[in-house]
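Reading through the structure tokens given below for one structure.
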Amino acid sequence: ERDRLIGYIQTDWDITDYLSLMARFSTDTYSELQEERKAIGSASGEFGVGTTAGRSDVTSGYSRLNKQFREDNFDLMLRYHKNLNEDFNLNALLGTNIRRSSLDQVFASTDGGLIVPDLYSLGNSVNQILAPEERLERIGVNGIYASASLGYRDYLFLDATIRRDQSSTLPEDNNAYFYPSVSGSFIFSNVVEA
């Protein structure tokens, strides 16, 4: 069972004929419930909390995983597009992305099987249930990026990009990383006359 909500808002502003600004906010959130039911008399196998500790002989049980997730993104992008003269044109952009995500989940199960057949509840546990497995994550990434494409007569292009991300999951003294790239292209069909 999953409930999901996706939201999105964007605004664009033409500052001049060749300069524009875009701002965008988006969110993606969901809550989820996963249940597993193992009837009394089932073949033995791994089940529930503590399976990594070798609990592989469980013949009945009930487990539930409650999960809540959210990711928010904010983007701000400045775009430049202009013919510099009869031969050259330039497309460039400068932007930032701020991303925040969170995950909160709890996994609980019966221990030792079910007491009453066909009653799937955490309270219907032969033994006192083990402490739930809990997970809480908060991640933040701040990114800045830029790109430029210089074109010559619409057939020869030089492109360069760079991005720098700073992540909350990395050590403070080494929490940023770069993605640079440079490429060139030649469009043969734009040179040959029809």
Side-chain angles (χ1 to χ4, degrees), residues 1-34 52 65-107 133-194:
E1 178 181 320
R2 176 184 276 197
D3 294 319
R4 186 168 196 174
L5 172 68
I6 298 174
Y8 177 92
I9 188 168
Q10 177 175 324
T11 184
D12 295 280
W13 179 34
D14 291 329
I15 301 168
T16 67
D17 290 342
Y18 53 86
L19 194 63
S20 63
L21 183 68
M22 182 274 294
R24 176 176 55 214
F25 174 78
S26 63
T27 188
D28 182 1
T29 182
Y30 68 83
S31 60
E32 182 175 275
L33 170 61
Q34 296 177 16
T52 56
L65 172 67
N66 293 80
K67 183 188 293 188
Q68 292 184 326
F69 174 81
R70 179 175 180 141
E71 180 175 291
D72 296 323
N73 278 281
F74 174 72
D75 295 283
L76 188 65
M77 187 183 307
L78 186 65
R79 293 183 177 138
Y80 178 88
H81 172 74
K82 190 171 185 181
N83 292 326
L84 303 177
N85 56 39
E86 291 182 8
D87 294 328
F88 290 94
N89 66 61
L90 179 63
N91 287 299
L93 66 87
L94 176 66
T96 186
N97 169 257
I98 298 170
R99 178 171 53 92
R100 299 292 181 266
S101 62
S102 64
L103 173 67
D104 186 0
Q105 69 180 33
V106 179
F107 178 55
E133 295 174 356
E134 299 179 78
R135 180 178 174 188
L136 179 62
E137 288 181 2
R138 300 282 186 264
I139 299 174
V141 177
N142 298 329
I144 55 172
Y145 53 90
S147 73
S149 177
L150 181 63
Y152 176 72
R153 294 191 176 181
D154 287 333
Y155 69 85
L156 191 60
F157 297 91
L158 178 63
D159 301 295
T161 66
I162 189 163
R163 181 178 177 112
R164 177 188 182 268
D165 282 334
Q166 183 178 22
S167 176
S168 65
T169 60
L170 297 174
E172 279 189 37
D173 59 343
N174 192 20
N175 64 357
Y177 39 97
F178 290 86
Y179 304 94
S181 73
V182 177
S183 65
S185 59
F186 176 78
I187 303 177
F188 184 74
S189 59
N190 287 358
V191 178
V192 178
E193 294 183 9

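Heavy atoms only: backbone and side chains are in, while hydrogens, waters and symmetry mates are out.
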- Item | From K67 atom NZ to F107 atom CZ, the distance as rounded to the nearest 0.5 Å | 11.5 Å

- Query: So which heavy atom on F157 is nearest to which on G151, and how close?
  - Reply: CD2-CA, 3.5 Å

- For the atom pair OG (S31) and CZ (R4), what is the distance rounded to the nearest 0.5 Å? 11.5 Å

- Message: As an exercise, state the distance from CG of D104 to CD of Q68, rounded to the nearest 0.5 Å.
- Response: 6.0 Å

- Item | Presence of salt bridge, R100 and D72, under 4.0 angstrom | no

- Can you find a side-chain donor-acceptor pair between N175 and S167 that sits under 3.5 Å? no

- Could you go through the ring-ring contact (aromatic ring centres under 6.0 Å, His included) check for Y155 and F186 one step at a time? CA-CA 5 Å; Y155 69 85; F186 176 78; 5.7 Å; yes

- List the steps, then state whether side chain to side chain contact (heavy atoms under 4.5 Å, CB included) holds for D154 with I187. CA-CA 8 Å; D154 287 333; I187 303 177; over 6 Å; no

- L84 CG: over 12 foreign heavy atoms closer than 6.0 Å: yes

- Message: I'd like to know whether L90 forms a side chain to side chain contact (heavy atoms under 4.5 Å, CB included) with K82, so could you lay out the CA-CA distance, the side-chain angles of the two residues, the decisive distance to 0.1 Å, and finally the verdict.
- Response: CA-CA 6 Å; L90 179 63; K82 190 171 185 181; 5.8 Å; no

- Rounded distance [0.5 Å steps], CZ in R70 versus OH in Y30: 14.0 Å

- Message: If you define the side chain from C-beta out and look only at heavy atoms, does anything of N73 sit under 4.5 Å from N97?
- Response: yes

- Report yes if the side chains of D12 and M22 come closer than 4.5 Å at any heavy-atom pair, otherwise no. yes

- Note on the structure: Output for pair (Q34 CD, N66 CG), nearest 0.5 Å, gives 9.5 Å

- Query: Quick one: are L150 and Y152 in side-chain contact, heavy atoms under 4.5 Å?
  - Reply: no

- CD (E86) with more than 12 external heavy atoms under 6.0 Å: no

- F188 atom CZ, neighbour heavy-atom count above 12 within 6.0 Å: no

- Does the side chain of L5 come within less than 4.5 Å of T27's, by heavy atoms? no

- Message: Counting C-beta onward and ignoring hydrogens, is there a side-chain heavy-atom pair between Y18 and N83 closer than 4.5 Å?
- Response: no

- Task: Identify the heavy atoms of L76 and Y145 that sit nearest to each other, and give their distance.
- Result: O-OH, 4.3 Å

- Message: Strictly distance-based, threshold 3.5 Å: is any side-chain N or O of T29 a donor or acceptor partner for the main-chain N or O of F69?
- Response: yes

- Item | Nearest non-hydrogen partners of N89 and N91, listed with the distance | OD1-ND2, 4.1 Å

- Message: With no hydrogens and no angle check, just 3.5 Å: does a side-chain donor-acceptor pair link S20 and D14?
- Response: no

- Message: To the closest 0.5 Å, what do you measure between CD (Q105) and CD (E137)?
- Response: 8.0 Å

- Between the side chain of T96 and the main-chain N/O of G143, is any donor-acceptor distance below 3.5 Å? yes

- Query: Side chains of T11 and L21: closer than 4.5 Å at any heavy-atom pair?
  - Reply: no

